[in-house]
Every structure is written in C-alpha cells, then in structure tokens.
Amino acid sequence: MSDTDVAEGPLPADIATSTGPVALVGQARILPGKEAEFEGLIRSILPKIRQEDGNVHYTVNRSHEDASTYLIYEEWENGASIVKHVQQPFMAEYFGQVPGLMAPGADAPGWSSPL
C-alpha cells in the first residue's frame, strides 16, 4: 500500500498533501438490523481516533428520520494527519468490516477536497 492508499481506495492527492486543515464528511447507510453492530464498531475506535495526533474533531451522528443512516464528520490538522490515521491497524480492521454492514447501493463514506 502506498502512502495515500487506504482499504477502500486511494486517498485523493489534494487531501493527502494538504498543509492546512481538512474536514471530511461521509454518509453511511447500514443494513437494517446491523445498526447495533456498526455502532459497536464505531464506539470501539472513537477513543483511539480522538487521541490521534492531528485529530481536531471526530463525530458520528445517527439520523432521526432513518435509523440506518449515519453521518461521519471529521476534522484534521492537515493531510499528513489523515494519511497516518487511515494507516492505523484499527482503521484497517474497520475498513475491512464496514462493507459487510452497508446497505446495497449505499455510498461508502467518501473524501471531500479542501478548499
């Protein structure tokens, strides 16, 4: 894996090389009945993520209107912080488990570009 590859694909260069703050937003739709499993997985890694160097903010919210939809919002000091984050062993485990919990046709959490 290169410095900008992650389990679900390459990290866009403009994010990986950003020297300024970067915010990422992802949405995940989870298979009905798998919400508790997804939440358990997320809760198990949140403390680790929030303690990482370069992490400014990381939150996961569940929709009131659709209990299987989650919004993930994260802020990082720079692209290097994100590259290091996605290469953590606990993130590799997360990336390996999440696809099996996602609803068919659901968009995986994705990357956004810094402005």
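Quick caveat: nothing in here was measured; it's all calculated off a predicted structure.
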Considering only heavy atoms from C-beta outward, does the side chain of [X] approach that of [Y] to under 4.5 Å?
X: Thr69; Y: Gln27; value: yes
X: Gln97; Y: Glu37; value: no
X: Asn61; Y: Tyr73; value: no

message = Is it the case that the side chain of Ser18 and the backbone of Ile15 share a donor-acceptor pair, with hydrogens and angles ignored and the cut-off at 3.5 Å?
response = no

task = Give a yes or no answer on whether the side chain of Glu35 reaches the backbone of Gly33 with a donor-acceptor pair at less than 3.5 Å.
result = yes

ask   = Should Ile42 and Leu31 be counted in the same cluster of Ile, Leu, Val, Met, Phe, Trp and Tyr side chains packed under 4.5 Å apart?
value = no

task = Is it possible for you to say whether Val56 and Leu71 belong to one hydrophobic cluster, with membership spreading through side-chain heavy-atom contacts below 4.5 Å?
result = no

note = Residues Trp76 and Asp53: closest non-hydrogen pair is CZ3-O, 4.2 Å

query = Of the non-hydrogen atoms in Val83 and Ala16, which two are nearest, and what is the gap between them?
reply = CG2-CB, 3.7 Å

Could you measure the distance from the [atom1] atom of [X] to the [atom2] atom of [Y]? Nearest 0.5 Å is fine.
X: Glu52; Y: Tyr58; atom1: CD; atom2: OH; result: 9.0 Å
X: Met91; Y: Ile49; atom1: CE; atom2: CD1; result: 5.0 Å
X: Phe95; Y: Phe90; atom1: CZ; atom2: CZ; result: 9.5 Å
X: Thr59; Y: Glu75; atom1: OG1; atom2: CD; result: 10.5 Å
X: Leu24; Y: Ile82; atom1: CG; atom2: CD1; result: 4.5 Å
X: Met102; Y: Ile30; atom1: CE; atom2: CD1; result: 5.5 Å

task = Answer yes or no: does atom NE2 of His57 have more than 12 heavy-atom neighbours from other residues, nucleotides or ligands under 6.0 Å?
result = yes

note = Contacts of Arg62 meeting salt bridge (charged side-chain N to carboxylate O under 4.0 Å, His left out) (sequence neighbours excluded), chain-then-number -> Glu39

key: For Lys84, all residues meeting salt bridge (charged side-chain N to carboxylate O under 4.0 Å, His left out), sequence neighbours excluded   = none

Trace of the side chain to side chain contact (heavy atoms under 4.5 Å, CB included) decision for Glu93 with Ile45 = CA-CA 10 Å; Glu93 185 176 328; Ile45 63 173; over 6 Å; no

query = Do you see a donor-acceptor pair shorter than 3.5 Å between the side chains of Ser81 and Asn78?
reply = yes

